[in-house]
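All values reported here derive from a predicted model rather than from experimental measurement. Worth knowing before you read on, the calculation uses all heavy atoms, side chains too, and leaves out hydrogens, waters and symmetry mates. Letters A, B, ... mirror the listed sequences (proteins, then strands); counts begin at 1.
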Number of protein chains: 2
Amino acid sequence: MTAVLEDARENTRARIEQAALELFSRQRFENVTTDEVADAAGISRRTFFRYFATKADAVWGDFAAHVDRLAALLDATGDDQPVLSSICAAYVEVNDYSLDELPMLRQRMRLILGEPALQAHSQVRYNEVDRVVAEHVARRTGARPEALVPRLVATSTRAAATTAFEVWIADGRRPLARALHDAFEQLAEGFPTLRGPGRR
Amino acid sequence: MTAVLEDARENTRARIEQAALELFSRQRFENVTTDEVADAAGISRRTFFRYFATKADAVWGDFAAHVDRLAALLDATGDDQPVLSSICAAYVEVNDYSLDELPMLRQRMRLILGEPALQAHSQVRYNEVDRVVAEHVARRTGARPEALVPRLVATSTRAAATTAFEVWIADGRRPLARALHDAFEQLAEGFPTLRGPGRR
DNA sequence: TTGCTGGTGGCACCCGGTGTCACTAACGTC
DNA sequence: GACGTTAGTGACACCGGGTGCCACCAGCAA
């Protein structure tokens, strides 16, 4: 493909994403048709579905790249730190956006976590993340990736990450990295606060 | 409503569920239309959607009752046992099916955990469970249900439960209650197997 | 000019889901 | 036993997400 065309495609893709994010945020996901998004982006409905497989995908940006980065970070981690620390660090690093990108991330996550249709769609995406994490745990512990512990670590760390996101969205003052660390610490220590303030 | 009609409704509902479960298992969820399910159940498509709000709901049976039972079990739990033990016990109890009901449960869960469209739909259902569990944790710890720890406990215990279900589906020899206990123990102890076999 | 390539729009179609209306069977009332 | 009421049902039209197909049109090479 020509460089010119490639640029045009990237441009169009970005325009669609932007239009989708804005319309979905303003009028709720279900109340916006793909026709309206396409119109706002200056393309036809048919073309919308050439850039994004589903209406929901326009919200997720390039999530595959996200997962790839997570996998690379986990691969590069040393065997000296605890497994959960590696996973936490990878989650923090992969979500380390610059200050001017944060509003966009907030908007995205507010949609993904708040709109039921997008919440449903997210499960499919999370599976890719879980697979990557389970494989890392399997490598570190020598277990099979399909065994209980690798799967469990993958799903519960992901639960920790999404919960941290929810708290971050709702609160606003607490930095995302802080919420992630708090959640992972609870998980790694077996929920110390459940045992009451005094005891350990 | 008359007793006769009520019986007829229950009967029809059961017939739809059965037809749906069988068709979805045999030909995959996406390859079966609601028209086909309706035909197999001897009703019209329109009537199918009077019994179940979505195609996916036909797989879930009476899930609201399930959630209510879970809530009741959590309400009835004593303050003497650890919070995670209460939740584990409630999950075990609510999934304690008799031997002749097990094949149906297996079929249901195999669909829910295996079919992407149903996996997506499940997220919405799990939210109800998470709400109930988070409220219980909040009551036990004095925190707000929207705070990090109650939410995190809810999502990660649910992650433990679904992972246990996955292992149970895949393995077949390990009883479900056993898988649930194993998963919850890992969670409660902060994943002891991650720290290697020797150390604690 | 000719031919190829790849993005695009329009169209018809499938399927899940909903609103509406007319029909019918069961029930209570006089 | 005729009556209106009530609730389940089926048929139909419609909407919106998603897909297959084809015709069109740029950009490019020979």
Inset, instruction - Could you tell me whether the side chain of A:Val132 reaches within less than 4.5 Å of the side chain of A:Glu128, counting heavy atoms only? - result: no

Distance check needed: [N] [atom2] versus [X] [atom1], whole Å only.
X       : N      : atom1 : atom2 : answer
A:Tyr51 : D:dT19 : OH    : C1'   : 18 Å
B:Phe49 : D:dC15 : CZ    : P     : 18 Å
A:Phe29 : D:dG16 : CZ    : P     : 14 Å

Legend entry - Under the ring pair (Phe, Tyr, Trp, His ring centres under 6.0 Å) test, residues paired with A:Tyr97 that sit two or more places apart: none

Inset, instruction - Return the set of residues passing ring pair (Phe, Tyr, Trp, His ring centres under 6.0 Å) with B:Phe24 (not counting sequence neighbours), or none when no residue passes. - result: B:Phe29

Any N/O donor-acceptor pair, [X] side-chain to [N] base, under 3.5 Å:
X       : N      : answer
B:Arg50 : D:dG10 : yes
A:Arg46 : D:dG20 : yes
B:Arg45 : C:dG17 : yes

Legend entry - Atom pair CZ/CG of A:Phe165 and A:Leu105 - distance to nearest 0.5 Å: 5.5 Å

Inset, instruction - Tell me what B:Phe52 touches on the nucleic acid: a base, only sugar-phosphate, or nothing, going by heavy atoms under 4.0 Å. - result: nothing

Inset, instruction - Looking at every strand, decide which applies to A:Val32 at a 4.0 Å heavy-atom threshold: base, sugar-phosphate, or nothing. - result: sugar-phosphate

